[in-house]
Amino acid sequence: MTDSPYAGEFSRMLMDLGYEESASRLKQFGRSDEIPFLDISKALLADERFEMGVAYSGMCLTSLPHKKLPDDQVWKRLGHDVTLLIEPGTLLINGEEKKFGVPYGARARMILIYLMSEAYRTKSREIRLGGSQRRWFEKMGISFGGETAKAIRDQSKRISACSLKFFWSTDEGADGFAKGGIVSSGLMFRDQVAKADDKQGSLFDDRVVLDPTFFEALEALEAHHVKLREEAIKQLKDRSLALDIYVWLAYRMRRITKDTFISWSALYDQFGGGVKQRKHFMLPFKNALRAACAAYPEARVEVDEKAGVVLKPSPLPFHRDYVAGISL
C-alpha cells in the first residue's frame, strides 16, 4: 500500500481547486496539519523566476547534524557512495581562542547552499556577497534580526572553523580522500557595532574566499552538481531534514531511469543521524518527505509503510515545463 501525498498531490489540488478550497478540504478530512505543505506548493507554483541554486553532491548524499553536538564531537555520515567527516575547529575571537563545534541545522545548510551556488555561478573562489547581512539572508528568504541573527553568526563561525574530509571508493578499487575547510577567509560576522558612527558596523565582510580544496572539488566534479530551485530552498529554510531530502531527491532523479526501491534501513543509515532508534525514524522522515515533495512537486515518490520508498523517473526540480507527478 502506498501513500499518495508524496507525488504532487498538493500541487494538483491547487491547480484543480485553488488554495481556499484545497485548505478547506484538508480541514474537512482532518488533515489540517498538512496545510503547511499546501503553502509550500503554492509558493512553488507562484514562482515564475525559476532562480537556480546548486549543491555539491557530496553534501547531498551526506547530512550535517540537525541538532547541536558537543563542541569536541566529530560528525561522521555515510552516503550513497561517499563518507563525510566534519571536525570541529578553533578561531581567535577578540584575541582569545574559542572552539566551535560542527555546523548544524537549517541555517548552516542555507549558508552552504548559497556559497556553493555562487561559486558555481561565478566559477571563482572569491564570492562577492554584496550589501549587508540583511540583504544576503533576505535573498534566502530569512528575516535577519534578533535570535535569527545570533544563530546565523554562530553557524557562520562554525563553518569558518570546521574542517572536512571526504572518503570514497573508485571503480578501480582504490580509496580516495580529500580534506580541507569550507572557507579560508571572511564570513566572520561582527557581534556588535564597533563604533557608533561606523555606518558599516552592521555589515559583514563582503568578500568570502572558499578553501582551495573545497572549491577544486566543486570545480572538478562538474557532473556531480545538483541544480535546485531557489524558491524551494526558501520554503524549506526552517526544515533541515526536509531540505536534505529535497537536495537528495534532486540528485537521485538525475540518474533514475526506472523505478528505484530504497529500504527503510538504507534511509535510516543516510538520514537517521540524531535518531537513536530506527523505530522512531519513520514518522519524522515521512513528514519531512511530504514537505520536500511539496517543494518538488514534479517528483514521483511512493512510500510503502513496511518496505521503504520507491523513486520513479521524474522531471528535475528546475524543469520549466511543470507537470504534476501522479501516484501509479
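- One finds a salt bridge joining Asp244 and Arg109 here, because a Lys/Arg side-chain nitrogen approaches an Asp/Glu carboxylate oxygen to under 4.0 Å.
- A heavy-atom distance below 4.5 Å is not found between the side chains of Ile127 and Phe215.
- Using a 4.5 Å cut-off on side-chain heavy atoms (C-beta onward), Glu34 and Asn287 make no contact.
- Ion pairing of Arg158 with Asp154 is present here, as a side-chain N (NZ or NE/NH1/NH2) and a carboxylate O approach within less than 4.0 Å.
- Looking at heavy atoms from C-beta onward, Ile245 lies out of side-chain contact with Leu236 at the 4.5 angstrom threshold.
- Note on ring orientation: taking the six-membered ring where Trp is involved, the planes of Phe285 and Phe271 are tilted (angle from 30° to 60°).
- The backbone N or O of Leu64 lies less than 3.5 Å from no partner atom in the side chain of Arg77, so there is not a single donor-acceptor pair.
- With a 4.5 Å cut-off on side-chain heavy atoms, Val247 and Leu228 count as touching.
- A 6.0 Å sphere centred on NZ of Lys68 holds no more than 12 heavy atoms belonging to other residues, nucleotides or ligands.
- Not a single donor-acceptor pair under 3.5 Å links the side chain of Tyr296 to the backbone N or O of Ala232.
- Looking only at side-chain heavy atoms (C-beta outward), Met282 and Trp264 come within less than 4.5 Å of each other.
- Defined by atom type and a distance below 3.5 Å, a donor-acceptor pair is missing between the side-chain atoms of Thr260 and Arg255.
- At least one side-chain heavy atom of Phe100 sits less than 4.5 Å from a side-chain heavy atom of Ile93.
- Of the possible donor and acceptor atoms, none in the side chain of Ser263 sits under 3.5 Å from a partner among the backbone N and O of Gly308.
- Using a 4.5 Å heavy-atom threshold, the side chains of Cys162 and Trp75 count as separate.
- Between Arg125 and Leu210 the shortest heavy-atom distance is NE-O, 2.7 Å.
- Side-chain atoms of Ser160 and Ile182, non-hydrogen and from C-beta on, never get closer than 4.5 Å to each other.
- In Gln28, the CD atom is crowded: over 12 heavy atoms of neighbouring residues, nucleotides or ligands sit closer than 6.0 Å.
- A donor-acceptor contact closer than 3.5 angstrom is absent between the side chains of Ser314 and Glu298.
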